[in-house]
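All heavy atoms count here, side chains included; hydrogens, waters and symmetry mates do not. Throughout, a chain's letter reflects where its sequence line sits, starting with A, and its residues are numbered from 1.
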Amino acid sequence: MSMEKTYQPAAIEKDWYQHWEEQGYFAPSGKGEPYCIMIPPPNVTGSLHMGHGFQESIMDALIRYHRMQGCNTLWQVGTDHAGIATQMVVERLLAADDVSRHDLGREKFVEKVWEWKEHSGGTITRQLRRLGASPDWSRERFTMDEGFYKAVQEVFVQLYDDGLIYRGKRLVNWDPKLHTAISDLEVISEEKQGHLWHFRYPLTDGSGHLTVATTRPETMLGDTAVAVHPDDERYKHLIGQTITLPLCDREIPVIGDDYVDKDFGTGCVKITPAHDFNDYEMGQRHALPMINIFNQDAQINDNAPEAYRGMDRFDARKKIVEDLDALGLLEKIQDHTLKVPYGDRSGVVIEPWLTNQWYVKTGPLAEEAIKAVEEGEVEFVPRQYENMYFSWMRDIQDWCISRQLWWGHRIPAWYDESGKVYVARSEDEARKKYQLNDKVKLTQDEDVLDTWFSSGLWTFGTLGWPENTDFLKTFHPTSVLVTGFDIIFFWVARMIMLTLHFKKEIPFKTVYVHGLVRDSHGQKMSKSKGNVLDPIDLIDGIDLESLVEKRTTGMMQPHLKQKIEKMTRKEFPEGIAPYGTDALRYTYYSLASTGRDINFDVGRIEGFRNFCNKLWNASAYVLMNTEGMDPAEENYTLSLADRWIISRLQEAEKAVAEGFRTYRLDLASQALYDFIWKDYCDWYLELTKPMLKPGNVDEATQNGTRRTLVRVLETTLRLAHPLMPFITEEIWQKVKARAGAEGETIMLASYPQADENKIDAQAIADVEWLKSVTIGVRNIRGEMNISLGKNIPLYFNNASDNDKRCIEENRQFLLKLAALESITVLAPGEEAPLSAPAYVGDLEILVPMAGLIDKDAELARLQKEASKLQTEVKRLQGKLSNAKFVDNAPAEVVAKEKDKLKDYEQTLEKLSEQQSKIAAL
RNA sequence: AGGACCAUAGCUCAGUUGGUUAGAGCGCUACCUUGACAUGGUAGAGGUCGGCGGUUCAAAUCCGCCUGGUCCUACCA
């Protein structure tokens with residue numbers, strides 16, 4: 001069974017994936033404890049980015065881990081219909097043919113969207129396969145699925161009947177480009193440089209004027225009051241009087257309200273209840289009229305004076321400032337920094353606008369949702385994210401759930417001709433429910449629901465609710481939700497609220513919150529920064545020209561093109577090498593610690609590609625040395641090395657399990673990496689070499705070595721499989737027979753569990769001894785530039801009984817690992833040749849200098865060692881001469897420090913003896 | 001304005017309940033194509049753990065303040 005000289009991921013990944021999928025290995029086994037993860041449904045228009053890659057890799061590791069542990073594992077995938085995003089994509093396509101959705105009409109347009117979805121939607125779920133993800137594809141769901149729509153309707157109707165959904169005319173965040181309301185969370189406020197305009201508003205009685213300051217002059221057309229603080233000595237006598245609003249010639253009152261900050265601006269605020277959230281509330285308090293001055297495009301409407309009608313809001317602003325200036329009413333213009341709200345999809349300034357919308361009354365739902373987390377029913381990992389959750393939940397606003405879009409779940413509400421609303425699952429049901437006869441004409445609400453409304457039902461809606469299906473009974477509540485903190489409010493909070501209300505149970509037991517993937521300098525990856533990495537490119541590799549091309553086409557700001565090109569060429573002069581899926585996944589795991597930012601450094605993936613190659617080549621060695629072996633051979637004895645690697649394996653298994661238990665995949669992956677590279681490859685494989693050399697040891701010991709070699713490898717592969725699925729499967733298939741393992745696939749093989757009884761403390765201690773001695777010799781060789789090709793004689797002096805035993809038992813190992821020509825143990829009093837020394841406790845390891853070592857170089861080496869120790873000795877002496885330390889610290893700690901000091905002092909003494917001996921030459 | 005998180009080697013990151021000569025990978029230096037692996041091996045250099053104070057016998061670790069960074073939430077028109 002020969003293997004390629006280097007690991008070639010591209011050669012095996014697709015085949016294995018296809019095989020697994022065809023064999024149905026991803027589906028729940030139907031046996032064992034249920035374990036379920038629901039994918040946070042990515043946007044159907046999306047494609048796989050680094051953040052997805054990271055998240056899916058984590059979920060897949062958790063799923064594979066539990067599947068191998070015998071759980072009945074369901075990982076359910078799907079996408080959400082992303083109302084606004086998807087509608088925009090399709091509209092843009094239509095626009096290319098100069099067609100608008102209004103040309104097509106609603107029904108035709110929605111058909112087009114479905115067509116698009118069939119052909120182009122779900123790119124991301126296809127890309128998921130490249131990551132080796134193992135969800136049950138047969139249960140892939142979409143938020144617009146028929147069954148899911150049923151759940152959405154059911155929830156809407158029930159919430160309405162429970163009094164938790166209502167319709168109301170209120171100010172909403174209106175997107176004048178997309179012509180829809182959006183929720184608070186979809187509004188991004190950005191700090192901008194603007195102005196504060198000071199206008200004089202004349203008092204109606206002609207006795208003077210008030211000066212108001214505003215950042216939005218155009219809204220003055222809708223002013224219905226001017227507010228001052230009731231205690232403001234400057235103005236309080238004016239409360240109750242009126243001013244005549246310039247340009248509109250309307251009389252509006254001066255009111256007192258302690259919302260006004262006396263010290264900001266002029267202390268007088270113009271109040272526009274129809275176009276500002278704070279003014280709206282003040283309007284409610286003072287029963288002010290609301291004058292809406294904008295149409296849906298945020299152009300001035302017919303409620304405003306004729307001169308401004310039809311103008312865009314920003315043009316109107318300019319015009320109004322000019323006109324007021326002409327009237328001598330512009331007092332001054334100040335520079336002013338303010339937060340401007342933008343729509344996160346459209347990028348245009350959001351307008352508070354008065355419309356009829358549907359709302360969820362979140363108060364009662366939030367109360368339960370807070371309780372679930374407080375009482376530990378739902379647990380956040382890391383815990384600190386609970387604060388974020390609580391702070392939002394305790395200050396939650398009612399949730400505007402209607403959207404003026406065509407793509408989405410249509411609101412199950414009907415109106416009669418007088419505008420009275422009837423909520424039911426269908427028009428028929430509405431008639432029955434509200435006892436309406438056929439003469440009443442009903443029309444369905446035109447609006448659709450916020451995508452997150454349906455996403456909120458994801459855990460139970462996708463399992464068949466409202467029907468009580470077997471899957472629902474088995475897998476709900478789900479085990480863990482894996483998500484980014486950016487989505488705690490959007491989604492996690494809403495899922496908890498809705499699921500508690502409808503299922504009377506939590507949606508998931510644990511929320512594992514991971515960080516956000518950024519570039520290696522902590523910058524957010526974005527097209528406009530040109531620092532985007534595509535996970536697929538890291539897997540398959542990409543040449544420089546294609547990468548530059550990819551990063552610089554379709555840019556919103558073409559002027560950045562040159563900069564991005566330069567940066568890309570500098571960072572990736574050779575393009576990106578193909579690293580393979582397992583290396584990418586391993587990189588993700590190594591970064592999955594508790595931090596909030598994940599800085600992805602391409603330098604690290606290369607290291608893990610090398611790691612894959614290391615495992616690959618170690619396996620080649622194992623295969624080469626176990627050819628033709630009988631896995632059932634019973635004539636074997638385990639050597640020290642065998643017992644040691646088996647012990648270390650148990651410890652690695654423990655560490656990996658702990659990493660999974662605490663969601664510290666960085667620690668799990670590190671433990672595994674160290675075990676494979678440092679323990680298994682660097683030491684154990686080297687130790688097997690002298691054992692397998694003919695004539696060195698008896699047959700039973702050789703059998704033991706072969707057995708251990710292949711069995712530890714086989715176990716390690718299973719241990720590593722959740723993290724690196726492809727390479728482990730490929731190798732496992734080659735070694736399983738020799739290791740006496742059975743099964744069709746490593747995916748379904750059992751997961752290794754640490755066995756304390758297999759931890760052999762003596763073996764660990766002995767190998768530690770062996771390593772120390774070897775490293776001592778190697779240090780001398782390395783520092784003295786003695787080639788490893790040259791075998792050297794070695795002397796031991798001052799050996800204890802234990803040292804002598806170790807020397808004897810490890811003679812073969814020592815000869816090989818330290819490349820020795822001979823080993824001599826000096827008897828007490830016996831004179832050693834002049835040597836370069838290393839010390840392991842009391843044991844002196846001596847490399848004779850004759851013909852090998854230069855006097856000055858050796859003196860320098862000894863001096864370096866000595867000064868290191870001197871620093872330590874000084875530190876320890878100081879510590880131990882401090883009575884407070886000796887009196888107060890635990891006796892063990894003091895004893896430990898004393899031992900260390902003694903040890904260092906002795907070594908130091910020997911070093912200086914040695915120095916003077918050599919110096920005397 | 002309030003809050004969270006972060007600051008450890010040139011770079012990207014670990015560091016459990018306070019006690020390690022503070023670790024890893026990459027990069028760097030020297031040597032090495034040794035029969036698994038040069039995507040490798042061996043050895044080495046490199047850190048007043050952001051700053052200042054405090055608690056303690058003992059602080060990278062706990063507390064306070066400051067500086068720098070990232071990000072939430074709420075905003076003064």
> For A24(B), does either OP1 or OP2 sit under 4.0 Å from a side-chain N or O belonging to Y673(A)?
Replying inline: no
> Would you say the side chains of Y621(A) and T688(A) form a donor-acceptor pair under 3.5 Å?
Replying inline: yes
> Should we count CD of E821(A) as having more than 12 external heavy atoms under 6.0 Å?
Replying inline: yes
>> At less than 4.0 Å, is any side-chain N or O atom of K900(A) found next to OP1 or OP2 of U21(B)? Yes or no.
In response: yes
> OP1 or OP2 of U42(B) less than 4.0 angstrom from a side-chain nitrogen or oxygen of W683(A), does that happen here?
Replying inline: no
>> So, OP1 or OP2 of A77(B): does either fall under 4.0 Å of a side-chain N or O from H336(A)?
In response: yes
> Just to confirm, is there a sub-4.0 Å distance from OP1 or OP2 of C57(B) to any side-chain nitrogen or oxygen of K879(A)?
Replying inline: no
> Distance check: side-chain N/O of R875(A) vs OP1/OP2 of U21(B), anything under 4.0 Å?
Replying inline: yes
Could you go over nucleotides 13-16 of chain B and give all protein N or O partners under 3.5 Å, atom names and distances?
unit_1, atom_1, unit_2, atom_2, d
C13(B), OP1, N599(A), N, 3.3
C13(B), OP1, N599(A), OD1, 3.4
C13(B), OP1, N599(A), ND2, 2.6
A14(B), OP1, S593(A), OG, 2.1
A14(B), O3', R664(A), NH2, 3.3
G15(B), OP1, R664(A), NH1, 2.9
G15(B), OP1, R664(A), NH2, 2.9

>> Is there, by distance only and without an angle test, a donor paired with an acceptor across the side chain of R781(A) and the base of U42(B) below 3.5 Å?
In response: no
> Think N610(A) has a side-chain N or O under 4.0 angstrom from the OP1 or OP2 of G40(B)?
Replying inline: yes
> Are N779(A) and G44(B) close enough that a side-chain N or O sits under 4.0 Å from OP1 or OP2?
Replying inline: yes
>> Please report whether the ring centroid of F608(A) lies less than 6.0 Å from that of Y673(A).
In response: yes
> Reading RNA chain B 5' to 3', what string of ( ), [ ], | and . shows its pairs, if Watson-Crick and G-U wobble pairs count only when both distances fall under 3.5 Å?
Replying inline: (((((((..((((.....[...)))).(((((.......))))).....(((((..]....))))))))))))....
>> Does K689(A) contact A36(B) through a side-chain donor or acceptor facing the base, at a distance under 3.5 Å?
In response: yes
> Any side-chain donor-acceptor pair under 3.5 Å between E714(A) and T716(A)?
Replying inline: no
